[in-house]
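See below for the structure under consideration.
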Number of protein chains: 2
Amino acid sequence: MLHNTNEKIQLAIVDDHPVVIEGLQRLLNSRDYLDVAGTFTSGNAFLQHLKGNKIDIVLLDISLPDINGMELCKEIKKRSPGTSVLVLSNHSERSIIMQMLQNGASGYLLKNASADELLNCINEALNGQISFSNEIKQIIARPSAHELKEVPQLTRREKEILHLISDGLTTPQIAEKLSLSQLTIETHRRNLLQKFDVNNVAALIKVAVQQGLV
Amino acid sequence: MLHNTNEKIQLAIVDDHPVVIEGLQRLLNSRDYLDVAGTFTSGNAFLQHLKGNKIDIVLLDISLPDINGMELCKEIKKRSPGTSVLVLSNHSERSIIMQMLQNGASGYLLKNASADELLNCINEALNGQISFSNEIKQIIARPSAHELKEVPQLTRREKEILHLISDGLTTPQIAEKLSLSQLTIETHRRNLLQKFDVNNVAALIKVAVQQGLV
DNA sequence: GGAAAAATACCGGGAAACAGGTAAAGCAAA
DNA sequence: TTTGCTTTACCTGTTTCCCGGTATTTTTCC
């Protein structure tokens, strides 16, 4: 995990604002254990670079001109699982932070984080750690009322049918699989829609996935 | 955040195994800044306790006899946002960890974590921090290939319609809202199903939510 | 300016889903 | 034993969705 002391950490920067890149370079070049191996203003350029070069950690903005930073993060982890992704962004929405984490980011800071905080997070991420700035930690630790909304209590059978619906099975298919009448499945569907107070399956599955039920 | 030195941290333990509770109590009672204010073998019992008592941090198992630990976590944060929830579980699946985080947990350790690690996480969580054991950090930092699956590239209109579908609007409703023909919406729906390689809206919305598209 | 992608719209048909209602059997808990 | 919940199943009717295909216009990009 931690590198030999005679071998510099290969770090890359991906941001669509050259001035941000320049500022980061100035800050990081003064650390003799870090080598700013490359800077990129587009996601595709960085992905190309990853093909022939090993990068230990990348400082990644989310808003990029070509690829969505969330997808880029995923692509980076797919192509080079050993590369740590540290998000450096102005987006402070909890849902974005959680999604970046879900997509494989090792850390997240806002662009207003201090230099010390950035370096600390870089070091922690290089040690295989999940690292956030304190500000991000407090955002994560404070879900909104919407995020804490209670889900209905489902019976065993309802859960089973909800899973099957979310897997894309139709009512006839579920009936066959469970050896039940299609009319039985229809009744269960109706009961699920009523419990979640939605009108159709799209809204049902959206809530169910968001709440971790499927 | 950090308490006065003359005031003990009120800590609670919720686990359905009395032997686990006892072991934790032995460990924690030796720390003079902690007060094990209560131990509970059921979620409801703890929620009752929360009504009249302030708890700074709770060590929470996920598998409980009455309430699902994920729902319990949500309920705790809803009723007492200032209470930190530190999950102590045998479940090491990344999806469970992420969902507990999403539901408001401030930290997560496996039950095989060392005493030092547990105490360290308790202290960090009390400082408003998100804290994990090193083992959990490595699980989070390593998403599976399934979790990194690429989502199709959607056009601007497709994204818009996908959002509306996930909000539960029907084809006629979307057509009216966007001032387009129902047949146009039908074509967009068909294209979305094809792009995601699914057969119906349930599977479509499931993937879209999981991938953070809606 | 041209090519390609995106967006719009159409057609017919059948299946699935939704909506409103009802009812009985089985199971679990008090 | 009783009560209440869960599960199963039925009925009719309407609406929506999915499936197979096609075509033209608009917009975007090279």
Side-chain angles (χ1 to χ4, degrees), chain A residues 42-45 64-68 71 151-209 213-214, chain B residues 42-45 64-68 151-208 213-214:
Chain A
S42 84
N44 277 317
L64 294 169
D66 52 348
I67 302 187
N68 172 323
E71 287 305 305
V151 292
Q153 203 65 24
L154 300 185
T155 68
R156 185 191 60 83
R157 198 56 128 174
E158 283 170 342
K159 284 172 187 169
E160 184 175 20
I161 290 183
L162 180 61
H163 265 279
L164 294 172
I165 293 175
S166 78
D167 285 340
L169 275 75
T170 64
T171 289
Q173 287 170 329
I174 296 173
E176 184 177 8
K177 187 180 178 72
L178 300 182
S179 302
L180 296 173
S181 166
Q182 290 184 26
L183 299 168
T184 299
I185 308 303
E186 282 295 336
T187 301
H188 282 303
R189 292 175 76 104
R190 183 161 11 135
N191 292 341
L192 283 165
L193 296 182
Q194 280 170 355
K195 278 195 170 183
F196 282 79
D197 195 23
V198 294
N199 292 339
N200 62 21
V201 148
L204 172 69
I205 299 303
K206 179 184 177 183
V207 174
V209 176
L213 293 176
V214 293
Chain B
S42 83
N44 276 318
L64 295 169
D66 51 350
I67 303 187
N68 173 323
V151 293
Q153 202 66 20
L154 300 185
T155 67
R156 184 189 62 81
R157 199 57 128 172
E158 283 170 341
K159 286 173 186 169
E160 184 175 20
I161 291 182
L162 181 61
H163 264 278
L164 293 172
I165 293 174
S166 78
D167 285 339
L169 275 73
T170 64
T171 290
Q173 285 169 333
I174 296 173
E176 184 176 9
K177 188 182 178 70
L178 301 182
S179 302
L180 295 174
S181 165
Q182 292 186 24
L183 298 169
T184 299
I185 309 303
E186 282 292 336
T187 303
H188 283 303
R189 293 177 73 105
R190 179 143 35 118
N191 292 341
L192 283 166
L193 295 182
Q194 280 170 354
K195 278 194 170 182
F196 282 79
D197 193 24
V198 293
N199 291 339
N200 61 22
V201 148
L204 172 69
I205 299 302
K206 179 182 176 182
V207 175
L213 293 175
V214 293

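Just so we're on the same page: letters track the sequence lines, and every chain starts at 1.
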Can you tell me the distance, in whole Å, between the [atom1] atom of [X] and the [atom2] atom of [N]?
X      : N      : atom1 : atom2 : answer
A:Q182 : C:dA16 : CD    : C1'   : 9 Å
B:L183 : D:dT24 : CG    : P     : 17 Å
B:E176 : D:dT16 : CD    : P     : 11 Å
A:N200 : C:dA16 : CG    : P     : 18 Å
A:L193 : D:dT15 : CG    : C1'   : 14 Å

Please classify the nucleic acid contact of [X] as base, sugar-phosphate, or nothing, using heavy-atom distances under 4.0 Å.
X      : result
B:E186 : base
A:T171 : sugar-phosphate
B:T155 : sugar-phosphate

Hey, does the side chain of [X] come within less than 4.0 Å of [N]'s phosphate (OP1/OP2), counting only N and O?
X      : N     : value
B:H188 : C:dA7 : no
A:R156 : D:dT6 : no
A:T184 : D:dA9 : yes
B:R157 : C:dA7 : no

From C:dT8, D:dC19, D:dC10, nucleotide with atom closest to B:R190 side chain: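 Of the candidates, D:dC19 comes closest.
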Which nucleotide, D:dT16, C:dA19, D:dC18, lies nearest any side-chain atom of B:P172? D:dT16
Which atoms form the tightest heavy-atom contact between [X] and [Y], and what is the distance?
X      : Y      : result
B:Q182 : B:T171 : O-CG2, 3.6 Å
B:I185 : B:L178 : CD1-CD1, 4.4 Å
A:V201 : B:A202 : CG1-CB, 3.5 Å

Distance from B:L164 atom CG to B:T170 atom OG1, nearest 0.5 Å?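 Spacing of CG (B:L164) from OG1 (B:T170) equals 10.5 Å.
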